[in-house]
*Asks:* 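Following this message is one structure expressed as structure tokens.
Quick note: numbers below take in every heavy atom, side chains included, and nothing from hydrogens, waters or symmetry partners.
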Amino acid sequence: MATSASWQPQEEGFKEICGLLEQQISSSSTADKSQIWQQLQHYSHFPDFNNYLAFILARADGKSVEIRQAAGLLLKNNLRTGYKSMAPENQQYIKSELLPCLGAADRHIRSTVGTIVSVVVQLGGILGWPELLQALVNCLDSNDVNHMEGAMDALSKICEDIPQVLDSDVAGLAERPINIFLPRFLKFFQSPHSSLRKLSLGSVNQYIMLMPTALYASMDQYLQGLFVLANDPATEVRKLVCAAFVQLIEVRPSFLEPHLNNIIEYMLQVNKDNTDEEVALEACEFWSAYFDAQLPPENLKEFLPRLIPVLLSNMAYADDDESLIDAEDDESLPDRDQDIKPRFHSSRLHGSDNLEEDDDDIVNIWNLRKCSAAALDVLSNVFGDDILPTLMPIIQAKLSASGDEAWKDREAAVLALGAIAEGCISGLYPHLSEVVVFLIPLLDDKFPLIRSISCWTLSRFSKYIVQNGHEQFEKVLMGLLRRILDTNKRVQEAACSAFATLEEEAAEELAPRLEIILQHLMCAFGKYQRRNLRIVYDAIGTLADAVGEALNQPVCLEILMPPLIAKWQQLPNSDKDLFPLLECFTSIAQALGSGFTQFAQPVFQRCIDIIQIQQLAKVDPASAGVQYDKEFIVCSLDLLSGLVEGLGGGVESLVAQSNLKDLLLQCCLDDAYDVRQSAFALLGDLARVCPVHLHPRLSEFLDVAAKQLNTSKLKETLSVANNACWAIGELAVKVRQEVSPIVVAVISYLVPILLHSEELNNKSLVENSAITLGRLAWVCPELVSPHMEHFMQSWCIALSRIRDDIEKEDAFRGLCAMVKSNPSGALSSLVFMCRAIASWHEIRSEELHNEVCQVLHGYKQMLRNGAWDQCMSALEPPVKDRLLKYQV
């Protein structure tokens, strides 16, 4: 396949490639598809293979549209990976074949060409294809519908994939390309062809976020265009109009303010007329966006009596909702792999900010029902009890609707009660007892989707149910346990999730009922399919976190542990179903404490084995026998942390007999930040209970931990820095002077974190930095105190925000040690130091209390001639009161 200046295809090559493409797309062909794919791959090594594909797409008139399209799609994929390394003459040939095809008679060919044009612009820029802009303008101005649509199709893809390209200066052009195209887009809003109205509106909408000068200047024309298109006969166009209003209110609400009443009226109408669910869904997004934009709620208040009924009516299941089909799922049907969503384990974090993800919404396909429920939730949070007079009569009417055909209305009413559970809690409070009494029997309703939504709604009132009355709590608890053993998968899932929420609220209240809870959970464990099994693990883990050591009773362990251990032994080291089990064991180990000793050895050893296999798989998957997946390492490290936390010193013999320190160092050096995050959490935990086993590699651990704090990417790896910082502090208090080689470096990394704490906006890292700095000052005051004036002020501010605990005590020991070593270093920050001392409710350690007294008295004697009183007068009265207990 030679290339020449005016390239021409060889007949033989042309026929062969067309034949392969025909076999590839044919459903009746008996040929082996993977073999055809390999042959096409083989051809793609010839430098002019892509020329053939361009020729087939553009000129093979005798071939079917499907073959030409297949050539185009293969060309697009090849250009994605190889465009930049292609010979310039081949690039040029392909581009010259594409341009005349923008106006091809067949819509599918035009669309494929548009996609390829967008890819070429992504890779080579506008400058790399000087003829393109003029060709597009000529097509748009041609009055030939095929040419206009072909150019618009290509432009819409460019606007979607790389909008900034058109809003940039191009050498040799007097103005930015968007200035040339925008007036033409706006003109097409009035085209008689719906395809052009849709493509042009979609293209302009892509610029709302970027807001180029051209669009800003044409805003009135754009809005007028939207108002005209608002009643367009084409569904796709109306959907884009709603999307434009939603985006505008998010980005530039000021543009819409003069027209707000009309827009709200329009959105209400579209929302109400849900004959087309996609348009109604797009319009429904408007209500949440309105409040996110912090526009005055009053503007919407007058519409509430009309909006609330619309939302409620749209909260009923649509006839084609996928959940209605899923609701038939019987527990005996095994799950298919595609039913099981990927799960993401979040690595351990030491300190505040350990936020739980919110898993309120059980199923994840966004639709009009869920969007309407989310809007009602937002309304309830903004207007609170003001919405109840409109809402409650509708809910009551729907709940009392009898007969099987009205079950969707009853279900929507229960969903609505759950949606307003937060925002309207004070107005609902006097009636909550009745609401709960009403919901409990619905747990046994004959319709599975009413049973599942009742689980969710009851869980939304967990706090109330736990606080108010033993009898209701007992009924809800037993009702949810019954539903956990439902025969319907959807109900099992909802009941388990609701039960986990109730567990978090009830905590130790569950202890007297542990036996019956465990019997139900382990019964579910025995009968659930794979997907719901994960939720049982979560419920068991949450139970362990909630009741703590109350779980450590023989009768509980006999129910809980044998099935889990059997599952643990049954799953191979490469099975992803191990993840939730590892997480579950982590919670159990922490809850049982020393009670976990009898199970610890095999669990510890398995974690070590998994980490070893995965570290081998990373470099040599063939000899490891498994594909590398870092999540196995993260979950294993976290379970080891749980063991160390639970067993305390009891873990020492296990660590002593293993190569954990070497594996852990390798994990601390890993390139994946979540592996490093969990590794430093384990390093800190081990430092607390058995630092002697880290000793042989201590200097390496300290070096790699310090490096995590000195990075230009700190903002992206805050959690790694947080755990590394905490681990350095834990090591410091155990190995004392041996940390001295890294002290000055670590201080130089911690000081900027304290100085820029507002920008970092990470409470946990700032607290850990303050504590670790204090711990280093305590063990090596002579190294830290010379630098005091650089950090005293921001350090004391951080210390004053930390709650009383052992770690805060260590930091103040460091403060006292530094002041002794360099008293003048804190003089300019004395007011801040007094505030930090006053932040203690009570220093439990008598020795530390006395040291703090000595520090304050030392300064009082040092500052003569009214200087001490001047310092005291700068303090707020409550701070002065709190300092009285230190006798100054």
Side-chain angles (χ1 to χ4, degrees), residues 53-54 56-61 65-77 79-80 83 94-126 128-129 131-167 177-178 180-208 225 229 232 234-241 243-244:
L53 295 177
I56 294 167
L57 170 67
R59 293 182 187 253
D61 292 332
V65 168
E66 288 76 17
I67 290 178
R68 293 172 63 188
Q69 242 190 317
L73 294 174
L74 183 55
L75 173 61
K76 176 199 74 174
N77 294 335
L79 294 181
R80 274 233 159 91
Y83 181 76
I94 290 165
K95 288 191 291 201
S96 69
E97 287 296 316
L98 289 172
L99 287 184
C101 284
L102 282 170
D106 186 280
R107 190 167 53 82
H108 300 292
I109 300 290
R110 293 199 297 272
S111 177
T112 306
V113 168
T115 306
I116 301 170
V117 167
S118 172
V119 169
V120 173
V121 174
Q122 272 184 60
L123 296 167
I126 294 279
W129 195 348
E131 309 86 356
L132 175 67
L133 291 185
Q134 193 53 54
L136 289 169
V137 169
N138 292 347
C139 285
L140 294 179
D141 295 350
S142 70
N143 269 336
D144 174 305
V145 69
N146 291 344
H147 282 79
M148 294 190 290
E149 200 183 285
M152 248 347 293
D153 184 89
L155 280 163
S156 72
K157 286 164 180 163
I158 292 170
C159 292
E160 189 177 346
D161 298 335
I162 34 170
Q164 62 288 354
V165 163
L166 297 185
D167 186 32
I178 190 67
I180 300 167
F181 290 117
L182 186 68
R184 292 171 165 87
F185 292 167
L186 293 171
K187 190 175 145 202
F188 277 156
F189 282 16
Q190 294 155 20
S191 166
H193 303 285
S194 63
S195 58
L196 290 176
R197 299 196 300 276
K198 180 189 120 185
L199 290 167
S200 59
L201 175 53
S203 300
V204 180
N205 285 3
Q206 297 295 339
Y207 287 93
I208 294 175
L229 293 174
D232 198 277
T235 304
E236 283 293 322
V237 174
R238 296 198 307 281
K239 186 175 156 190
L240 286 167
V241 170

*Asks:* Side chains of L57 and L98: closer than 4.5 Å at any heavy-atom pair?
*Replies:* yes

*Asks:* Taking all non-hydrogen atoms of both residues into account, name the closest pair between L136 and A154 and its distance.
*Replies:* CD2-CB, 4.4 Å

*Asks:* Taking S142 for the side chain and C139 for the main chain, is one N or O donor matched with an acceptor at less than 3.5 Å?
*Replies:* yes

*Asks:* When rounded to the nearest 0.5 angstrom, what is the spacing between CZ in R197 and CD in E236?
*Replies:* 12.0 Å

*Asks:* Can you find a heavy atom in the side chain of L166 that is under 4.5 Å from one in the side chain of Y207?
*Replies:*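 Answer yes - side chains close enough.
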
*Asks:* What distance do F185 atom CZ and C159 atom SG have between them, rounded to the nearest 0.5 Å?
*Replies:*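 Taking CZ in F185 and SG in C159, the distance rounds to 4.5 Å.
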
*Asks:* Is the closest side-chain heavy-atom distance between Q69 and I67 below 4.5 Å?
*Replies:* no

*Asks:* Any donor-acceptor pair under 3.5 Å linking the side chain of N205 with the backbone of L240?
*Replies:*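 Yes, N205 side chain to L240 backbone: donor-acceptor pair under 3.5 Å.
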
*Asks:* Under 3.5 Å, is there a donor-acceptor pair linking the side chains of S118 and K76?
*Replies:*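 No donor-acceptor contact under 3.5 Å links the two side chains.
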
*Asks:* Using side-chain heavy atoms (C-beta onward) and a distance below 4.5 Å, is L99 in contact with W129?
*Replies:* yes

*Asks:* State whether R59 and E97 are salt-bridged, where the test is any N-O pair (Lys NZ or Arg NE/NH1/NH2 against Asp/Glu carboxylate O) under 4.0 Å.
*Replies:*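 Salt bridge between R59 and E97, a charged N being under 4.0 Å from a carboxylate O: yes.
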
*Asks:* Which distance, rounded to the nearest 0.5 Å, do you find between the CD1 of I116 and the NZ of K157?
*Replies:*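 Going from the CD1 atom of I116 to the NZ atom of K157 covers 9.5 Å.
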
*Asks:* Heavy-atom distance under 4.5 Å between the side chains of L140 and M152, does that happen here?
*Replies:*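 SC-SC contact between L140 and M152 confirmed.
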
*Asks:* Quick one: closest heavy-atom pair of A234 and D232, and the distance?
*Replies:*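 Between these two residues, the closest heavy atoms are N-OD1, 2.8 Å.
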
*Asks:* So which atom in P177 and which in L133 form the shortest heavy-atom distance, rounded to 0.1 Å?
*Replies:*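 Of all heavy-atom pairs spanning P177 and L133, the closest is CG-CD1, 4.1 Å.
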
*Asks:* Just by distance, do the side chain of S200 and the backbone of L196 share a donor-acceptor pair under 3.5 Å?
*Replies:* yes

*Asks:* Check whether any side-chain heavy atom of R68 lies under 4.5 Å from a side-chain heavy atom of D61, and answer yes or no.
*Replies:* yes

*Asks:* Where do C101 and V113 come nearest, in terms of heavy atoms and distance?
*Replies:* CB-CG2, 3.6 Å

*Asks:* Do V120 and I94 have side-chain heavy atoms sitting under 4.5 Å apart?
*Replies:*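 The answer is no, as the side chains (C-beta and beyond) never meet within the 4.5 Å cut-off.
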
*Asks:* Would you give the length of the straight line joining atom OG of S191 to atom CE of M148, rounded to the nearest 0.5 angstrom?
*Replies:*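 One gets 6.0 Å once the value is rounded to the nearest 0.5 Å.
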
*Asks:* Output the distance between atom CD (Q206) and atom CG (L201), rounded to the nearest 0.5 Å.
*Replies:* 10.5 Å

*Asks:* Report, as yes or no, whether the 6.0 Å neighbourhood of atom NZ on K198 holds more than 12 heavy atoms from other residues, nucleotides or ligands.
*Replies:* no

*Asks:* Any idea which heavy atoms bring G103 and N146 closest together, and the distance?
*Replies:* O-CB, 3.6 Å

*Asks:* For a 4.5 angstrom cut-off between non-hydrogen side-chain atoms, does D141 reach R184?
*Replies:*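 When only atoms from C-beta onward are counted, R184 and D141 do touch, with a gap below 4.5 Å.
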
*Asks:* With the threshold set at 4.0 Å, does a side-chain nitrogen-carboxylate oxygen contact exist between E149 and R110?
*Replies:*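 A salt bridge is present here (some side-chain N lies under 4.0 Å from a carboxylate O).
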
*Asks:* With rounding to the nearest 0.5 angstrom, report the CD to CD1 distance, E160 to I158.
*Replies:*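 Here the interatomic distance stands at 11.5 Å.
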
